[in-house]
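Atoms within a ligand are numbered from 1 in the order they appear, just like the ligands themselves.
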Amino acid sequence: MAIMVTRSSMPEFDEYIEEIRSIWDNHWLTNMGPKHKEFQAVLKDYLGVEKLDLFTNGHMAIELTLQAMNLQGEVITTPFTFASTTHAIVRNGLEPVFCDIDPYNYTMDVEKLESLITDKTCAILPVHVYGNVCNIEEIDRIAEKYNLKVIYDAAHTFGETYKGKGIGTYGDASCFSFHATKVFNSIEGGAVSFKSERLGKVLYNLKNFGIHGPEEVSAVGANAKMNEFCAAMGLCNLRHLDEEIEKRRRVVERYTERLEKTAGIQLNSVQPDVKPNYAYFPAVFEEKEFGSTRNEVYSKLAENDIIARKYFYPLTNTFSAFNGKYDVFKTPAALHVAKRVLTLPLYADLPLEDVDRICDVILSCKK
Ligand SMILES: *Cc1c(COP(=O)(O)O)cnc(C)c1O
């Protein structure tokens with residue numbers, strides 16, 4: 001059987017059935033029912049944040065957070081991310097300005113950040129890529145100096161802490177994704193943790209049509225609510241998350257042991273002060289030292305029924321949707337990594353024998 005890049009975590013069938021039994025009693029399927037309330041409370045606790053709201057998915061969490069801040073002008077972000085981050089900016093009528101990435105941890109290169117700020121800049125939207133935490137102190141310092149909002153795309157950092165505090169406590173807001181493919185899933189789902197009570201009210205309006213009572217609609221909003229079945233899945237999966245992360249750790253350590261001594265493969269390392277979640281295992285293949293290109297490794301793995309992903313390739317600033325509007329040569333480190341990176345299969349139940357087989361195929365490409 002093929003080894004896929006990921007495999008969604010699911011609770012035991014009976015555990016989920018038990019969790020959704022009460023939905024058959026109360027017929028409350030969506031609109032902030034008991035499961036939504038419970039999931040929201042449990043998540044605040046798990047993430048160590050004071051204020052958090054749930055959304056139908058991670059993308060709407062980002063898009064509506066930008067909208068709730070009522071921003072205008074330019075948002076500094078990076079192109080080394082999932083389509084969602086850039087689309088959320090553009091769909092709000094804002095202009096993305098692409099900052100290059102650090103070539104080792106793939107997050108925003110803060111050395112290049114300040115020079116991109118203009119009098120139109122209103123916010124910074126950095127991404128904690130692969131679970132690697134951005135340079136929070138420097139981003140904070142610059143944001144404060146220029147009075148900019150900071151919204152973290154925290155889709156990859158569920159459950160992580162930085163300097164002992166939940167990752168969602170940093171910036172003005174942090175947006176999480178609970179999509180099926182993420183470390184933690186609620187089938188589809190997302191959340192925003194935020195600092196300002198006022199922002200929370202605007203976000204709530206945006207996710208529920210601005211409805212505040214049977215006869216009271218006080219804002220113009222959309223619909224981005226999480227339903228009860230997704231909240232129930234989240235409740236079940238959260239119970240097993242620590243154990244799943246521990247199993248992921250073993251997979252990551254095996255990959256690291258097998259691949260770290262090979263010239264031409266750059267691996268990801270756990271950062272100081274970070275409690276990691278082992279969300280992804282990116283490997284960057286430098287063809288000059290390794291002897292084979294990323295695409296050759298990708299094809300060799302595919303021949304062996306092993307499905308890795310070129311994640312993130314292409315860069316968002318090269319999407320055909322943007323018709324060549326952005327100059328990709330302004331983000332050379334991102335371009336370099338995007339051409340050479342593969343994320344290798346990684347999920348809690350990936351057997352270590354399979355990790356060994358994957359590593360054998362990769363090492364057979366070494367010349
Ligand atoms: C998954 C993801 C999103 C979007 O989340 P969805 O829940 O799929 O809408 C946004 N940003 C990044 C970096 C992601 O990986």
Side-chain angles (χ1 to χ4, degrees), residues 5-9 39 43 47 52-67 75-92 96 98-99 101-102 105-108 123-134 150-160 167-168 170-171 173-193 203 206-207 222-227 229-231 233-234 237 268 276-282 309-317 319 321 334 337-338 341 343 346-347:
V5 71
T6 187
R7 189 164 182 267
S8 299
S9 296
F39 187 35
L43 275 179
L47 295 174
L52 171 139
D53 207 349
L54 299 174
F55 290 84
T56 188
N57 58 50
H59 177 78
M60 290 313 287
I62 305 173
E63 190 170 314
L64 296 183
T65 299
L66 292 174
Q67 191 180 347
V75 177
I76 302 177
T77 186
T78 71
F80 192 71
T81 182
F82 184 55
S84 171
T85 323
T86 305
H87 289 353
I89 296 170
V90 175
R91 284 171 53 79
N92 269 293
F98 295 100
C99 184
I101 60 167
D102 177 296
N105 70 33
Y106 319 115
T107 66
M108 184 175 277
I124 311 172
L125 175 34
V127 186
H128 298 306
V129 189
Y130 303 135
N132 291 341
V133 172
C134 298
V150 179
I151 305 104
Y152 285 107
D153 182 334
H156 294 182
T157 31
F158 186 87
E160 293 196 348
I167 197 70
Y170 297 96
S174 294
C175 304
F176 296 93
S177 163
F178 312 147
H179 183 256
T181 56
K182 305 284 151 94
V183 167
F184 167 70
N185 84 76
S186 64
I187 310 173
E188 292 262 11
V192 183
S193 60
L203 268 174
L206 288 173
K207 86 166 194 182
N223 176 5
K225 302 184 299 282
M226 178 180 283
N227 69 60
F229 289 85
C230 288
M233 187 65 147
N237 277 336
N268 207 34
N277 65 5
Y278 304 101
Y280 297 88
F281 194 84
R309 254 192 92 184
K310 300 174 191 176
Y311 196 61
F312 296 100
Y313 172 85
L315 296 176
T316 69
N317 56 359
F319 283 175
V337 175
V341 71
T343 54
L346 171 57
Y347 45 89

Provide the number and element of each atom of ligand 1 under 4.0 Å from a heavy atom of [X].
X	answer
F82	2 (C), 3 (C), 12 (C), 13 (C), 14 (C), 15 (O)
G58	5 (O), 6 (P), 7 (O), 9 (O)
N57	7 (O), 9 (O)
T81	13 (C)

Validation row: D102, N132 side chains within 4.5 angstrom (heavy atoms):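 Of all side-chain heavy-atom pairs linking N132 with D102, none is under 4.5 Å.
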
Minimum side-chain heavy-atom gap I62-F55 below 4.5 Å: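 No, their side chains stay 4.5 Å or more apart.
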
Which residue supplies the protein heavy atom nearest to [atom], what is that atom called, and how far is it?
atom	answer
atom 9 (O) of ligand 1	H59 N, 2.8 Å
atom 2 (C) of ligand 1	K182 NZ, 2.6 Å
atom 5 (O) of ligand 1	S177 OG, 3.2 Å
atom 4 (C) of ligand 1	S84 OG, 3.6 Å
atom 11 (N) of ligand 1	D153 OD2, 2.7 Å

Strictly distance-based, threshold 3.5 Å: is any side-chain N or O of [X] a donor or acceptor partner for the main-chain N or O of [Y]?
X	Y	answer
N185	T181	no
E188	N57	no
N268	N105	no
S174	S193	no
H128	V133	no

[X] contact mode with ligand 1 (heavy-atom cut-off under 4.0 Å):
X	answer
M60	neither
Y311	side chain
E188	neither

Side-chain donor-acceptor pair present, N223, K225, cut-off under 3.5 Å: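 Per modelled atom types, N223 and K225 side chains form a pair under 3.5 Å.
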
Check: F178 ring centre within less than 6.0 Å of F184 ring centre: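 That pair passes the under 6.0 Å test.
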
Polar proximity ligand 1 side, V127 side, N/O cut 3.5 Å exclusive: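 Such a contact does not occur with ligand 1.
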
Nitrogen or oxygen atoms of H179 and ligand 1 under 3.5 Å apart: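 No: no nitrogen or oxygen of H179 is under 3.5 Å from one in ligand 1.
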
Ligand 1 contacted by G189 (non-hydrogen, < 4.0 Å):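 Distance cut 4.0 Å: G189 passes for ligand 1.
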
Option among Y170, Y152, Y106 that satisfies the side chain to side chain contact (heavy atoms under 4.5 Å, CB included) test with C134: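 Between C134 and the candidates, side chain to side chain contact (heavy atoms under 4.5 Å, CB included) is satisfied uniquely by Y152.
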
